[in-house]
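The sequence lines fix the lettering, A, B, ..., with proteins before strands; numbering per chain opens at 1.
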Protein chains: 4
Amino acid sequence: MSGTRREIPNDPGRRDRILDAALDVIAEGGVHRTTHRKIASRAGVPLGSLTYYFNGMDDLLALAFARLAETMSQLYRRTLHGAGSPAEAEAAVVELICGPAYATERDMTLIFEMYAYANHNTAVAATTRSWLRRSRESLALHFTPGVARALDALIEGWPMHRRFDATPLNRQLVAGVVHAVVSAAPDLPDEQL
Amino acid sequence: MSGTRREIPNDPGRRDRILDAALDVIAEGGVHRTTHRKIASRAGVPLGSLTYYFNGMDDLLALAFARLAETMSQLYRRTLHGAGSPAEAEAAVVELICGPAYATERDMTLIFEMYAYANHNTAVAATTRSWLRRSRESLALHFTPGVARALDALIEGWPMHRRFDATPLNRQLVAGVVHAVVSAAPDLPDEQL
Amino acid sequence: MSGTRREIPNDPGRRDRILDAALDVIAEGGVHRTTHRKIASRAGVPLGSLTYYFNGMDDLLALAFARLAETMSQLYRRTLHGAGSPAEAEAAVVELICGPAYATERDMTLIFEMYAYANHNTAVAATTRSWLRRSRESLALHFTPGVARALDALIEGWPMHRRFDATPLNRQLVAGVVHAVVSAAPDLPDEQL
Amino acid sequence: MSGTRREIPNDPGRRDRILDAALDVIAEGGVHRTTHRKIASRAGVPLGSLTYYFNGMDDLLALAFARLAETMSQLYRRTLHGAGSPAEAEAAVVELICGPAYATERDMTLIFEMYAYANHNTAVAATTRSWLRRSRESLALHFTPGVARALDALIEGWPMHRRFDATPLNRQLVAGVVHAVVSAAPDLPDEQL
DNA sequence: AATGAATGAGATTTCATTCAT
DNA sequence: GATGAATGAAATCTCATTCAT
């Protein structure tokens with residue numbers, strides 16, 4: 001019955017479905033309330049498959065966050081690579097700060113969870129570092145290294161406030177600040193990326 | 001029943017000692033690995049006293065984060081209130097972004113944990129909102145509302161990157177960016193705080 | 001301050017208030033969910049007074065059930081002693097079976113709890129036996145020993161069914177059955193009470 | 001996911017063994033002293049399996065009492081269905097009231113516990129109601145509805161007294177009373193079962 | 001390759017009781 | 001005589017992980 005031929009997995013997309021389900025569960029309750037059972041139930045897979053595909057919870061979470069970072073990075077990249085002029089690049093940055101595309105409520109929650117978890121897990125810390133590096137590389141297509149760092153901080157910090165603030169972001173204000181930072185480039189010290 | 005005499009607790013500081021121990025445990029392992037036992041052991045109190053003083057883990061964490069926010073708020077406030085001139089105010093902002101005083105590694109870890117937890121707990125969400133509001137009020141002593149918002153985002157976002165970046169923050173770069181944002185004030189749209 | 005004179009309790013009715021509160025708590029949640037704290041809170045007395053007045057939970061419950069039995073016995077007794085003729089005695093028995101006076105919902109619940117508890121506590125077993133004996137003595141004022149035993153079983157069993165049955169008791173039916181039992185006296189074997 | 005094959009439990013009778021163990025523990029100490037540990041130890045199963053098989057103590061107790069009611073109902077039913085004549089039916093009722101078969105000391109204790117618990121748990125209340133209904137249906141095979149109700153009350157009430165009385169039941173007395181009630185049928189009002 | 005029944009380690013929580021005042 | 005802060009023993013419950021199939 002079993003022979004020597006390579007067994008073919010009977011549900012090839014299952015691994016990723018589990019990771020997506022894990023992100024859903026994290027978004028809903030936080031890492032601290034994430035359990036194997038919830039993930040399995042959400043993914044519609046048997047409980048045993050979680051330990052079959054992953055080496056415990058830490059491994060599963062690390063891979064789920066890696067998947068999140070990959071998705072977010074691509075969005076970031078797409079948004080910035082599409083810009084054909086300095087003005088369009090600035091607009092793209094404003095879009096990343098204000099737009100719901102970059103950070104839905106679910107995404108913001110997941111990013112918070114990833115940052116928090118990264119402080120206690122080296123694999124996720126590496127994922128996070130790689131993400132930050134890639135963000136800056138995308139920004140470096142259009143801006144000097146120093147400006148890229150500053151814009152990155154704004155892209156990080158402003159949506160965080162937006163998440164908890166009652167008042168919505170003022171798009172004109174964001175555009176003005178981004179422009180001011182970009183315009184300051186000549187006055188900023190040299191900086192290696 | 002027979003009078004209004006209040007019993008005197010045998011150990012008046014114990015409540016706060018437990019909260020501090022909780023923050024230590026969170027900083028070390030994250031909320032997701034924080035347990036009553038670890039907190040009790042760290043605080044040197046019997047396990048039972050945790051549920052005597054607090055209504056379960058959620059309550060305890062909410063109060064611990066409130067204590068954290070209070071401490072951080074005061075530091076923030078002290079730093080900004082001390083500034084006597086626009087130049088000193090800018091320097092204070094640079095200090096908040098770069099200085100280890102504002103955010104030791106432990107503090108940064110705790111802040112990440114608080115943000116993450118706030119997405120799943122209304123009490124902590126309220127604490128977080130109140131903290132953001134107070135930050136902006138302190139900034140409003142020296143800056144227009146729009147500038148205050150932008151600086152707040154920088155103060156939030158830049159140290160986050162610093163936490164995961166290999167390279168340390170370039171203080172001159174930060175100073176340049178802060179100055180650019182502050183100088184842009186006349187060009188920014190009106191904004192209510 | 002303390003001297004040698006006898007200390008006078010500063011709240012003489014408190015003991016009984018605690019016992020009544022205990023019965024309330026038992027009626028609401030059952031013995032299995034009865035705690036010192038609930039009783040103290042219900043009675044409006046300090047927690048410590050429970051262990052001051054009683055030797056632990058078993059003692060407290062035993063005394064509470066004794067109080068219940070005393071109250072119920074007196075009602076039973078009053079109902080039967082008031083009867084001046086055989087017909088009135090029969091009517092009194094019907095009243096005890098059907099009437100809400102003998103057994104409100106709360107009373108029935110408490111009696112069930114007492115019987116259940118009596119199987120595991122000798123003091124309450126004694127209380128229960130004494131109650132049954134007194135019931136029969138009251139019935140013996142009007143009926144032969146054998147009839148008294150049979151009526152006692154009906155007074156016990158019928159309200160139990162009433163407690164759980166959807167349909168209410170048929171008073172005429174009860175009266176007919178009681179009359180049949182009473183009328184059978186000459187045919188019943190002699191029985192010592 | 002891949003098929004409909006059902007996993008076979010390693011120990012198919014375990015669920016029922018746990019319920020029987022629960023009844024043993026209840027009979028010995030009462031619901032109020034029944035704990036997961038005692039049941040697990042008595043059943044010879046690991047502690048964790050109790051919450052694996054049951055949704056908490058309430059669920060476990062409800063199912064244990066349902067098992068008790070089922071067993072008792074069948075005995076009741078067997079006893080009454082075996083009667084081939086009115087005289088045999090009367091004898092069967094006397095047997096149910098007096099015989100140890102219907103109610104050993106353990107059974108009586110458990111029934112008390114069930115009634116007490118039923119006042120605080122809707123599932124057990126339903127079990128109890130269903131039991132009472134089935135008892136009456138068995139009695140209705142031989143007696144008019146009114147007589148069935150009266151006999152049911154006697155079957156309920158008399159063994160309760162027997163449980164606490166010092167003196168044993170007088171079988172002749174019981175037979176006489178049952179006969180009197182049965183003979184009164186023509187004089188009793190019509191009653192729907 | 002895949003599963004889910006089963007478990008034990010440990011988490012949270014409850015609560016009777018103690019005892020300093 | 002009286003109290004309620006405090007505790008430890010034990011209760012319930014959760015869940016990652018194991019493992020026979």
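Residues from residues 32-48 of chain B lying near DNA chain E, meaning a heavy-atom separation below 4.0 Å, are B:T34, B:T35, B:H36, B:R37, B:L47 in numerical order.
With rounding to whole Å, D:N55 atom CG is found 14 Å from F:dC15 atom P. Here E:dT12 presents its C1' atom at 12 Å from CG of B:L60, a figure rounded to the nearest Å. Atom-to-atom, CG of A:L50 to P of E:dA1 comes out at 17 Å; the value is rounded to the nearest Å. Nucleotide E:dA5 holds its C1' atom 15 Å from the CZ atom of D:F54, rounded to whole Å. Distance CZ (C:R15) to P (F:dA2): 12 Å, rounded to an integer number of Å. For D:M57 and E:dT12, the CE to P distance is 22 Å, given to the nearest whole Å. One atom, CG of A:D58, and another, C1' of F:dC15, lie 14 Å apart when rounded to the nearest Å. If you measure from atom OH of C:Y52 to atom P of F:dT3, you get 9 Å, rounded to the nearest angstrom.
Interatomic distance, CZ of A:R15 versus CZ of A:F54, reported as 4.5 Å (0.5 Å rounding).
With sequence neighbours excluded, the residues satisfying side-chain contact (heavy atoms from CB on, under 4.5 Å) with A:A66 are A:T127. In this structure A:S49 satisfies the side-chain contact (heavy atoms from CB on, under 4.5 Å) test together with A:R14, A:I18, A:V45, A:P46, A:Y53, sequence neighbours excluded. Judged as a side-chain hydrogen bond (donor to acceptor under 3.5 Å, both in side chains), and not counting sequence neighbours, B:R37 has no contacts. Residues satisfying the side-chain contact (heavy atoms from CB on, under 4.5 Å) criterion with D:T51, sequence neighbours excluded, are D:H36. Taking B:T71 as the reference, nothing meets the side-chain contact (heavy atoms from CB on, under 4.5 Å) condition, with sequence neighbours excluded.
Close to E:dA1, at under 4.0 Å from its OP1 or OP2, lies no side-chain N or O of A:Y53. OP1 or OP2 of E:dT7 lies within a sub-4.0 Å distance of a side-chain N or O belonging to D:R14.
Using a 4.0 Å heavy-atom distance criterion, A:T51 is classed as a base contact.
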If you write DNA chain F from 5' to 3' in dot-bracket form, with Watson-Crick or G-U pairs under 3.5 Å, [ ] for crossing pairs and | for pairs with another strand, what do you get? .||||||||||||||||||||

Please list, one pair per line, the donor and acceptor atoms closer than 3.5 Å that link side chains of residues 116-124 of chain D to other protein atoms, with sequence neighbours excluded.
unit_1	atom_1	unit_2	atom_2	d
D:Y117	OH	D:D58	OD1	2.7
D:N119	OD1	C:R163	NE	3.0
D:N119	OD1	C:R163	NH2	2.7
D:N119	ND2	D:Y115	O	3.2
D:H120	ND1	C:E28	O	3.4
D:H120	NE2	C:G30	N	3.3
D:H120	NE2	C:E113	OE2	2.9
D:N121	OD1	D:A123	N	2.9
D:N121	OD1	D:V124	N	2.9

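Within 6.0 Å of atom CD in A:E105, 12 or fewer heavy atoms from other residues, nucleotides or ligands are found, so the atom counts as exposed in its surroundings.
Among pairs with a residue in residues 59-69 of chain D, those fulfilling salt bridge (Lys or Arg N to Asp or Glu O under 4.0 Å) read D:D16-D:R67, D:D20-D:R67, at least two apart in sequence or across chains.
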